[in-house]
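One structure follows; several queries about it will come next.
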Protein chains: 2
Amino acid sequence: MPRRSLSALILDRKSPVPLQSQLARQLKQAVQRGDLAPGEPVPSTRELAADLQISRNTAVGAYDQLVSEGYLEARPRSGLFVMEALAGHTLPAAVPVTTPAVRPLPRLTAPPPFHPCQPDVRLFPMGTWNRLRGRALRNNGSAILHYQSRYTMGLPMLQRELAAYLRDSRGVRCEPEQVAVTSGSQQALYMLAQLLLRGPGATAYLEDPGYFGARTAFAAAQARVTPVPVDREGVIPPARLKAGSLLYTTPSRQFPTGATLALPRRMALIKAAREGGAWIIEDDYDSEFRYSRPPLPSLHSLDDAGRVIYVGSFSKVLFPSLRIGYVVLPPQYVEAFAELRTVIDDHGPLIDQATLALFIAQGSLHSHIRRCRKEYASRLAVFMETATALRLPLRFPHTDGGMNLCGELEDSSVGDAALAARLTEQGWSVPPLSRYALESAASGLVFGFTAFAPHTIRLHLRRIAGAL
Amino acid sequence: MPRRSLSALILDRKSPVPLQSQLARQLKQAVQRGDLAPGEPVPSTRELAADLQISRNTAVGAYDQLVSEGYLEARPRSGLFVMEALAGHTLPAAVPVTTPAVRPLPRLTAPPPFHPCQPDVRLFPMGTWNRLRGRALRNNGSAILHYQSRYTMGLPMLQRELAAYLRDSRGVRCEPEQVAVTSGSQQALYMLAQLLLRGPGATAYLEDPGYFGARTAFAAAQARVTPVPVDREGVIPPARLKAGSLLYTTPSRQFPTGATLALPRRMALIKAAREGGAWIIEDDYDSEFRYSRPPLPSLHSLDDAGRVIYVGSFSKVLFPSLRIGYVVLPPQYVEAFAELRTVIDDHGPLIDQATLALFIAQGSLHSHIRRCRKEYASRLAVFMETATALRLPLRFPHTDGGMNLCGELEDSSVGDAALAARLTEQGWSVPPLSRYALESAASGLVFGFTAFAPHTIRLHLRRIAGAL
């Protein structure tokens, strides 16, 4: 090793980085710079130790590392050489030892008023959840930490609790094996689109205005997204649906208008799906939140032809960052769904699934829903009273459920997008109805009311009234 | 209401189901059977109450429910009628009140010996993890329960910890913003295939034998999967790679053979990718587990052309059911990756991400890896000693790392699949090498050794020796 490169080796004895690591790194840099060329011999460990005033062990250790990393090779009875095979390769510069400057991390924030579809997570009984999580860990032992690729559809205990819950609360009749636990309902929509929409150009009917998470999922499957108009009674059932198509609908509470689909329309949708050989995806995203009357029967419960696929979520009922949704599959699609899930991400975190199963089984889900219903009903009342008293220039159709209110603009000459943008600049989140539109000329602002305390609702509605 | 249908209403006063619910359900059934036809009047609540000997409130409540569910309609000054609009629709039978028989749930199990790629989850410091989870909840307040769709790539605190960890342990140089947290490394492979393999027929080069999770991900993107042979030094670099193709490789420890890719081959792979305009996916699935020497530099750290995408996982280092993996993306793919993730499932559970960030930051990850390394090194030694002493008819190439040992069959006339099937019947899981093959004629059995205590290894190797 020529003197010039040896003299470039400078070891910092005050550094927390061990001398051996410093030496190994600098030797690599010498190779990378070309100071040490492929095939060239390196000094003996004795020479190196003497020159750098380090122990011979340190030199041996550094050379060992470079041999095992393929920078140096030993030749019998000749010593160590820079790897011949490196000739002709440019080695990139080694990683600098310095730590990059630490920038402050952004703080996580709660959604601003009146961001739609947000539960009030402060109502969530985290103490109970944590206790049940501890029990789930004790009940299942370390097995719950392993892969459980047999249960890519979900833990059997959770499938069973979900089937019972859906039967009791929504009249959904299914075997536990038909229930797939997904990473939010978004994953259910994505996977259904991949499975059901065969080949580019298959038709996906979407409510207009409608949920854009569904739209992006269908677009990813290269579907032809076809709008279906919505009025005050929900989606207007098409007379016929193409074979092999699917129709996405939110019958309990149309998103974002809030309309409840009338029973005859429910029957008509099922008839059209049966006759056309089409699928209906029923997204029952917030049906738990009804404040006075019992809900209409789910499409799934009315379906005598096995054409309805039921999708739901715990994002609204528990908390969004849990990322647990579910889908009730037709029996003939269970296997294909499980297989696709294996390819996409195998399964979701299991401790959460086991905790949720206990949370449902011991009645905590029901109590929490009851508590939220009561709280949200009073927030809805506060919202409507305040909006009426302030004479907001918006028409709110009557609703007795859900998480959102869709205010139609009384002055239709005002663009809702411009208005919403102005409110966004001032720190509110009130998306324009037109954002959810495909072809419809709907114009309005969508207000969520469930995540905000009554005084917040009053305060911010007053300020918004001023801004409007 | 004709007498025949009224007489069919039988209320069970001993049932836990409230009388009103029973009555509502039976009235619906009468409509569904056609006993009550669309347009037909129903008895007054007074009549119904008298006939059934129930309170009038009960009758009123049941009728209210049927009105709100769309089965009945009120006509001014005439009373209630079965909804006219139901004419011509067949209503399905109502959900039976009975609870389905409860079948016993399967118990979750640990993997059988010698299932490959399994960590010993009993070593995981769950107490520490739970403590840090509590701290994550306190630090972030309820904000961590909300959607955080801005952070679909991962919580910024976790991205930062991961970038630092990968820099220090694997020489991976990246900005925190390039790190995407995924639902296991499988999701990273699936998403990369969707993003990088444009259109049917794009080429995905796969090590042969190789990891089939990658194969299924590439097949789902309709790629042409092209095998690349593997020898004792790992994958043999193709002279050229097609433009727009990708090559999947496991250089630290080839899966399943266990070979470590030599440095000149690493350089050759990068050269081929650079010259061909191809991508390399480096799956570093178990590089943390090396027992004597430092690892070779990662492909990513050697890549001066920005063609290597680095994929890793916490399934082996922490525990599999956590479902956290990651990928270091080229800067130009960050936006597209985040957008696709929004369509697929938005993001994973956030409490786990915040907990993991603290676990890395406070040094628990390093301690846990050190502990596992020590334990696994001794299990590797026990395995090799026992296998040698038992004279198993298998050749185990030398390895000093990883989680698996690939035993080549000395008698190549014996089919490894038949042999593995025989061992599976007896409760072991020792997959045949041929299961991972595309075209190669590799024959052998893959043994995982990390999840099993030394006495388990000795016991079951002895029994397997008997069975062979």
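Convention: sequence-line order gives letters A, B, ...; per-chain numbering from 1. These figures come from a predicted structure and were not determined experimentally. Scope of the values below: all heavy atoms of this structure, side chains included, with no hydrogens, waters or symmetry mates.
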#### Entry: Residues forming a side chain to side chain contact (heavy atoms under 4.5 Å, CB included) with B:Thr152, sequence neighbours excluded
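Scan of B:Thr152 (side chain to side chain contact (heavy atoms under 4.5 Å, CB included), adjacent residues dropped) gives B:Ala338, B:Arg341, B:Thr342, B:Asp346, B:His347.
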### Task
Name the region of B:Met126, side chain, backbone, both or neither, that has any atom closer than 4.5 Å to a heavy atom of chain A.
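When you check distances to chain A, only side chain atoms of B:Met126 fall under 4.5 Å.
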### Task
Return yes if some donor-acceptor pair links the side-chain N/O of A:Arg323 with the main-chain N/O of B:Asp345 below 3.5 Å, else return no.
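Indeed, once roles are kept as given, a pair shorter than 3.5 Å links the two residues.
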### A:Ile324 portion near chain B, given a 4.5 angstrom heavy-atom threshold
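Looking at A:Ile324, nothing touches chain B.
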### Message
Would the distance check show the side chain of B:Glu73 and the main-chain N or O of B:Glu84 forming a donor-acceptor pair, the cut-off being under 3.5 Å?
### Response
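Between the backbone of B:Glu84 and the side chain of B:Glu73 there is a qualifying donor-acceptor contact (under 3.5 Å).
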### Query
Any idea which of B:Ala110, B:Ser183, B:Gly141 has the most non-hydrogen atom pairs under 4.5 angstrom with chain A?
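Among B:Ala110, B:Ser183, B:Gly141, the one with the most close pairs to chain A is B:Ser183.
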### Among the listed options A:Asn130, A:Thr182, A:Val67, the residue most often paired with chain B at heavy-atom distances under 4.5 Å
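Among the listed options, the one with the most contacts to chain B is A:Asn130.
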### Query
By a 4.5 Å heavy-atom criterion (distance strictly below it), what part of A:Ile344 contacts chain B: side chain, backbone, both, or neither?
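Backbone plus side chain of A:Ile344, per the 4.5 Å heavy-atom cut-off to chain B.
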#### Entry: Region of A:Arg133 in contact with chain B, defined by heavy-atom distances below 4.5 Å
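The side chain, not the backbone.
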### Query
Between the side chain of B:Glu233 and the main-chain N/O of B:Thr260, is any donor-acceptor distance below 3.5 Å?
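Looks like no, no N/O pair under 3.5 Å.
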#### Entry: Atom group of A:Phe212 that falls short of 4.5 Å from chain B, counting heavy atoms
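Answer is neither: A:Phe212 stays 4.5 Å or more from chain B.
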#### Entry: Min side-chain heavy-atom separation A:Ser292-A:Asp400 under 4.5 Å
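Yes, their side chains come closer than 4.5 Å.
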### Query
Who wins among B:Gly184, B:Pro156, B:Gly134, B:Ala262 for the most heavy-atom pairs under 4.5 Å with chain A?
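Of B:Gly184, B:Pro156, B:Gly134, B:Ala262, B:Pro156 has the most heavy-atom pairs under 4.5 Å with chain A.
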### Message
Tell me if a side-chain donor or acceptor on B:Arg107 pairs with a main-chain N or O of A:Ala143 at a distance below 3.5 Å.
### Response
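Such a contact is absent between B:Arg107 side chain and A:Ala143 backbone.
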### Task
Sort out for me which of A:Asp352, A:Leu350, A:Thr216, A:Val343 touches chain B most, counting heavy-atom pairs under 4.5 Å.
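The option with the most such pairs is A:Val343.
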### Task
Measure B:Leu155 against the heavy atoms of chain A and call it side chain, backbone, both or neither at under 4.5 Å.
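Contact with chain A is through the side chain of B:Leu155 alone.
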### Query
Is it the side chain or the backbone of A:Arg266 that comes within 4.5 Å of chain B heavy atoms, both, or neither?
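Neither part.
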### Message
Check whether A:Ser301 reaches the backbone of A:Pro297 with its side chain - one donor and one acceptor, N or O, closer than 3.5 Å.
### Response
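Not at all, since once roles are kept as given, no pair shorter than 3.5 Å links the two residues.
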### Query
Would you say B:Ser185's side chain and B:Ala188's backbone share a donor-acceptor pair under 3.5 angstrom?
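No, B:Ser185 side chain to B:Ala188 backbone: no donor-acceptor pair under 3.5 Å.
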### Task
Sort B:Ile144 into side chain, backbone, both or neither according to what part of it lies under 4.5 angstrom from a heavy atom of chain A.
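Both backbone and side chain.
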### Contact origin within A:Asp64 toward chain B - heavy atom pairs under 4.5 Å
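Neither part.
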#### Entry: chain A interface, residue from B:Ala451, B:Ser315, B:Cys117, B:Ala217 that has the most non-hydrogen pairs under 4.5 Å
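Of the options given, most contacts go to B:Ser315.
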### Task
Go through A:Ala24, A:Pro111, A:Ala220 and name the one with the most non-hydrogen pairs under 4.5 angstrom from chain B.
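Highest number of heavy-atom pairs under 4.5 Å: A:Pro111.
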### Task
Quick one: which of B:His146, B:Arg215, B:Gln186, B:Gln187 has the most heavy-atom pairs under 4.5 Å with chain A, could you say?
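Of B:His146, B:Arg215, B:Gln186, B:Gln187, B:His146 has the most heavy-atom pairs under 4.5 Å with chain A.
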### Query
Does the A:Asp303 side chain pair with the main chain of A:Leu299, one donor and one acceptor, at a distance under 3.5 Å?
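No, because the side chain of A:Asp303 does not come within donor-acceptor range (under 3.5 Å) of the backbone of A:Leu299.
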### Query
Which bit of B:Leu137 comes within less than 4.5 Å of chain A, counting heavy atoms only: side chain, backbone, both or neither?
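Just the side chain, heavy atoms under 4.5 Å.
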### Task
Rounded to the nearest 0.5 Å, what's the gap from OH on B:Tyr147 to CD on A:Gln118? Could you check?
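Going from the OH atom of B:Tyr147 to the CD atom of A:Gln118 covers 6.5 Å.
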### Task
Count the heavy atoms of every other residue, nucleotide or ligand shown that sit under 6.0 Å from CD of B:Glu339, and state whether that count exceeds 12.
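Atom CD in B:Glu339 is not packed in, count stays at 12 or less.
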